[in-house]
Amino acid sequence: MSSITRRFFLSLIILIGFLFAVHGECSAQNTNNTNRKGQGNQSLQFMSEKIPDWQARLELARLLSYTKEYDESIANYRKVLAARPDLFDAKAELAKVLAVSGHNDEAAEILKTFDAAQLTGSNKLLLADIYALQKDYAKAEPLYREIIREKPENQEARLRLAEMLSWAGQYKESLGLYEIILKALPDDIQVRRQYAQVLSWADRPQDAIRELRRTLEK
């Protein structure tokens, strides 16, 4: 075989190899494009369960209440309860938002539907808060005391009771509760300032001054 013939066959082999390589690359690109198009029509698959509309709306209602956008919060709570009327927490939270925003009559109507057997610790606290906001201290006080009796380390319930008692003019017991809280949480500035406020109401100005100064020390 002449050198020219050998060069011809070698060039032919190289050309065929090039054509196969180009064809393979084009096929791979077409496959990837097809896969991407298919994926565009599918939803992503999560490991966790999907969040239903009512749950997303409940979280939205809570966040709106935290930012004091009460009207929109109330509207979303109502939509949640239309979809899930069995949700006690949503009903109790709606009652609290209604009470905070001045819709006391509506809040009271919801309270009438509550069954004491449904109340857990957090629900008891929420219900007690609603009664306290309505100045129905006779109903709020036993709930706060029951929570504290069941869980003596619950400083949040103790603080709410201390606040409510101060509003009712029962300064001595209120101050005693504040002192228990401050023994457990001595660095809580806001609790100490509230304590000072009640000391002032109880006609103990020097003690109030001392406590306020402590909250302003650097």
Side-chain angles (χ1 to χ4, degrees), residues 51-151 154-178 181 188 190-191 193-202:
I51 300 172
D53 287 352
W54 68 264
Q55 190 172 341
R57 194 176 294 282
L58 178 59
E59 186 60 26
L60 175 60
R62 286 168 173 162
L63 291 170
L64 288 166
S65 74
Y66 300 156
T67 56
K68 299 185 179 180
E69 298 175 70
Y70 297 130
D71 289 344
E72 191 177 352
S73 174
I74 290 167
N76 277 283
Y77 273 119
R78 293 194 193 283
K79 288 179 181 179
V80 170
L81 289 168
R84 292 291 304 275
D86 58 313
L87 289 178
F88 180 86
D89 285 352
K91 190 181 293 186
E93 289 167 22
L94 171 59
K96 185 172 183 179
V97 176
L98 286 166
V100 169
S101 59
H103 297 84
N104 290 320
D105 291 341
E106 290 182 74
E109 288 302 313
I110 293 175
L111 291 179
K112 291 176 185 177
T113 69
F114 289 165
D115 181 355
Q118 292 177 290
L119 296 176
T120 61
S122 59
N123 287 332
K124 281 180 188 175
L125 185 59
L126 185 56
L127 185 56
D129 288 346
I130 294 169
Y131 285 134
L133 286 168
Q134 293 184 318
K135 295 183 170 43
D136 194 345
Y137 302 144
K139 289 182 180 177
E141 185 174 345
L143 286 170
Y144 286 132
R145 293 191 186 281
E146 185 177 347
I147 295 166
I148 296 167
R149 185 170 60 253
E150 292 173 352
K151 197 172 182 181
N154 191 327
Q155 303 301 342
E156 186 175 7
R158 185 171 280 110
L159 176 61
R160 306 286 179 81
L161 177 58
E163 286 183 287
M164 192 206 72
L165 290 171
S166 72
W167 300 339
Q170 299 180 47
Y171 301 132
K172 183 176 181 180
E173 186 175 3
S174 174
L175 289 168
L177 291 169
Y178 274 113
I181 297 165
D188 194 310
Q190 292 305 317
V191 172
R193 286 177 179 173
Q194 288 187 40
Y195 174 53
Q197 186 176 53
V198 181
L199 284 168
S200 177
W201 293 345

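For clarity, every value in this text was computed on a predicted model and none was experimentally measured. Residue numbers run from 1 in the order of the sequence given.
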* To do: Return each pair, listed once, that meets side chain to side chain donor-acceptor pair (under 3.5 Å) where at least one residue sits in residues 134-144; pairs must be two or more places apart or across chains.
  => Asp129-Tyr144, Glu141-Arg145

Over all heavy atoms of both residues, which pair between [X] and [Y] is shortest? Give the atoms and the distance, please.
X	Y	value
Val80	Trp54	CG2-O, 3.7 Å
Ala107	Ala99	CB-N, 4.0 Å
Ala61	Ser73	O-OG, 2.8 Å
Ala56	Ile51	N-CG2, 4.0 Å
Ala140	Ala132	CB-N, 3.8 Å
Ala157	Asn154	N-OD1, 2.9 Å

* Asked: Does Arg84 have any salt bridge (charged side-chain N to carboxylate O under 4.0 Å, His left out) partners at least two apart in sequence or in another chain, and if so, which?
  -> Asp86

* Would you say the side-chain atoms of Ser200 pair up with the backbone N or O of Ala196, donor to acceptor, closer than 3.5 Å? -> no

Taking side chain as C-beta onward, heavy atoms only, is [X] less than 4.5 Å from [Y]?
X	Y	value
Leu58	Glu93	yes
Tyr77	Arg62	yes
Gln194	Leu159	yes

Compile the donor-acceptor pairs under 3.5 Å between side chains in residues 163-172 and protein atoms, sequence neighbours left out, one pair per line.
residue : atom : partner : partner atom : Å
Ser166  : OG   : Glu163  : O            : 2.6

* Structure fact -> CG of Leu161 to CD1 of Ile148, rounded to nearest 0.5 Å, is 5.0 Å

